[in-house]
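Here is the structure we will look at, set down as structure tokens.
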Amino acid sequence: MAYDEFLADRIRRNLAHKQVHYTEMKMMGGLCFMVDDKMCIGVMKNELMVRIDPELHQAALSNKGCRPMDFTGKSMKGFVFVQSGVIDSDADLDYWTQLCLDFNPKAKSSKRRQT
């Protein structure tokens, strides 16, 4: 299993409830939810991947079940993994989703350049 389908469905329902337009993109072995053509939130294996304000990065890591996202061995500031066990409730998932949506307008677009 590349990513937790149940968690992906929960994210879909949460975004739909908030009436957020998004697209889905499979990348990095997981599923990313793109808002305004920017990576916003996603699922990697059985963890939630969140893109939050880099100013909140350290504070986010102090939450139970959170760790830095580090694909290359170097932590990516503003990207955090959250273990699925600490987002069992809809309120917990909504908290992280809202942090991502709050930062999204300020995030740089990761749109690929056309060659």
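All of these numbers come straight from a predicted model, not from anything done at the bench. Position 1 is the first residue of the sequence; numbering continues from there.
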For Glu24, what residues pass the side chain to side chain donor-acceptor pair (under 3.5 Å) criterion, not counting sequence neighbours? Arg12
Determine, using the 4.5 Å side-chain heavy-atom cutoff (strictly less than), whether Ile11 and Tyr3 are members of one ILVMFWY cluster. yes
Heavy-atom closest pair, residues Phe33 and Ala8: CZ-O, 3.7 Å
Step by step, would you call Val20 with Leu101 a side chain to side chain contact (heavy atoms under 4.5 Å, CB included)? CA-CA 9 Å; Val20 173; Leu101 292 172; 3.9 Å; yes
Can any side-chain N or O of Arg51 pair as donor or acceptor with the backbone N or O of Lys38 at less than 3.5 Å? no
Does the side chain of Asn14 come under 3.5 Å of the side chain of Asp94 through a donor N or O and an acceptor N or O? yes
From Met39 CE over to Cys100 SG, what is the distance, rounded to the nearest 0.5 angstrom? 11.0 Å
Gap separating the CD1 atom of Ile87 from the CH2 atom of Trp96, nearest 0.5 angstrom: 9.5 Å
Between Asp36 and Pro105, is any pair of side-chain heavy atoms under 4.5 Å apart? no
With the side chain counted from C-beta on, respond yes when Leu56 and Val80 share a heavy-atom pair under 4.5 Å apart, and no when they do not. no
For a quick test of reading the model, state the closest non-hydrogen atom pair linking Arg67 to Asp70 and the distance between them. NH1-OD1, 4.1 Å
Kindly give the heavy-atom pair with the smallest separation between His57 and Gly78, and that separation in Å. ND1-N, 2.8 Å
Test your reading of the model: is there a side-chain donor-acceptor pair from Asp4 to the backbone of Leu7, 3.5 Å cut-off? yes
Met69 versus Met44: any side-chain heavy-atom pair under 4.5 Å? no
Could you see if Tyr22 belongs to whatever hydrophobic cluster contains Leu31? Use Ile, Leu, Val, Met, Phe, Trp, Tyr and a side-chain cutoff under 4.5 Å. yes
Check the hydrophobic clustering (I, L, V, M, F, W, Y; side-chain heavy atoms under 4.5 Å; chains of links allowed) and say if Met27 and Met76 are grouped together. yes
How about NZ on Lys77, more than 12 heavy atoms from neighbouring residues, nucleotides or ligands closer than 6.0 Å, or not? no
Mind checking the CD-CG spacing from Gln83 to Asp88? Nearest 0.5 Å is all I need. 11.0 Å
Any side-chain heavy-atom pair from Val86 and Asn63 closer than 4.5 angstrom? no
Let me confirm one number: the OG-CG distance from Ser75 to Leu61, rounded to the nearest 0.5 Å. 6.5 Å
Sequence neighbours excluded, which residues qualify as side chain to side chain donor-acceptor pair (under 3.5 Å) partners of Asp92? Ser89
Test side-chain contact (heavy atoms from CB on, under 4.5 Å) applied to Arg10 and Leu48, Leu93, Val43, the passing residue: Leu93
Would you give the length of the straight line joining atom SG of Cys40 to atom CG of Leu99, rounded to the nearest 0.5 angstrom? 10.5 Å
Gln98 CD to Lys18 NZ distance, which is reported to the nearest 0.5 Å: 4.0 Å
